[in-house]
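Some notes on the structure that comes next.
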Amino acid sequence: MESIKEASEQYLDSLTSMALALWPDNEANELRREFKELITSEKNKVLLYFMHAKPIAFIHISVRSDYVEGSHNSPTGFIEGVYVEPEYRKKGISKKLIEVGERWLRTKDCTQIGSDIELSNNTSYQFHKSVGFKEVNRLIAFIKNIDEA
């Protein structure tokens, strides 16, 4: 049996574990603390996808008032992250999570939803195209260390 539910404190451990798989450079306790705040936020929605009562995917969607690349209106919804356990990928789970997230965003007066990916992440690029996103720009961020004198 499959279902989608809002994340709650009951599922913080599972959510944190999946988030670490998505963002491995983060620290577990900090991610857990961040999600604990997000699940009660009016401008954020974290949804979990359950398969046989076990959370196997999540999406974090936010409402942004700042400019979102390619958007025409404010506020704009934004996919902050979406993750599906590897063995459940390519089964339409992310698309279902996005659809539920879009319904929530409409209640927040959003008419568009944005997202971004790493330039080298072809898998995520293909996913976004397959669920109806159109590419509006490509960004590359730079950083330079300043030698200490």
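Under the rule for a salt bridge (Lys or Arg N to Asp or Glu O under 4.0 Å), the partners of Lys36 that lie at least two apart in sequence or sit in another chain are Glu9. Residues forming a salt bridge (Lys or Arg N to Asp or Glu O under 4.0 Å) with Glu6 (at least two apart in sequence, or on another chain): Lys45.
Taking every heavy atom of both residues into account, Val63 and Cys110 meet most closely at CG1-SG, 4.0 Å. Between Tyr83 and Arg89, the shortest heavy-atom distance links the atoms CE1-NH2, 3.2 Å.
Not a single donor-acceptor pair under 3.5 Å links the side chain of Ser62 to the backbone N or O of Arg64. Within the 3.5 Å criterion, the main-chain N or O of Leu12 finds a donor-acceptor partner in the side chain of Thr16.
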Subject >> Worked verdict on Gln112 versus Ser71 for side chain to side chain contact (heavy atoms under 4.5 Å, CB included) >> reply: CA-CA 7 Å; Gln112 293 179 299; Ser71 67; 3.4 Å; yes
Subject >> CA sep, side-chain torsions, deciding dist, call: Phe127, Val131, side chain to side chain contact (heavy atoms under 4.5 Å, CB included) >> reply: CA-CA 6 Å; Phe127 161 73; Val131 296; 3.6 Å; yes
Original post:
How far apart are the C-alpha atoms of Ile59 and Val46, what are their side-chain angles, what is the distance that settles it, and do they pass the side chain to side chain contact (heavy atoms under 4.5 Å, CB included) test?
Top reply: CA-CA 6 Å; Ile59 191 168; Val46 181; over 6 Å; no
**OP:** For side chain to side chain contact (heavy atoms under 4.5 Å, CB included), just list the numbers for Leu22 and Phe58, CA-CA rounded to whole Å, side-chain angles, deciding distance to a tenth of an Å, and then say yes or no.
**Re:** CA-CA 10 Å; Leu22 181 60; Phe58 81 91; 4.0 Å; yes
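At a threshold of 4.5 Å between non-hydrogen side-chain atoms, the residues Glu102 and Ile113 count as touching. With contacts defined as side-chain heavy-atom distances shorter than 4.5 Å, the pair Phe133/Ser115 qualifies. At least one side-chain heavy atom of Ser65 sits under 4.5 Å from a side-chain heavy atom of Lys43. Counting heavy atoms from C-beta outward, Ile79 and Ile98 have side chains that approach closer than 4.5 Å.
Atom CG of Leu47 and atom CD1 of Ile39 lie 12.0 Å apart (nearest 0.5 Å). The line from NE2 of His60 to OG of Ser41 is 7.5 Å long, rounded to the nearest 0.5 Å.
Residue Phe78 is found in a hydrophobic cluster whose other members, listed by chain and number, are Val68; membership requires side-chain heavy atoms under 4.5 Å apart, directly or through intermediates.
Classification of the Trp23-Phe35 ring pair by plane angle, with boundaries at 30° and 60°, yields parallel.
When ring centroids are compared, Phe50 and Tyr11 come within the 6.0 Å threshold.
For Glu27, the CD atom sits in a packed shell: over 12 heavy atoms of surrounding residues, nucleotides or ligands are nearer than 6.0 Å. No more than 12 heavy atoms of other residues, nucleotides or ligands sit less than 6.0 Å from atom CD of Glu118.
Looking at Lys129 and Glu135, no side-chain N of the basic residue comes within less than 4.0 Å of a carboxylate O on the acidic one, giving no salt bridge.
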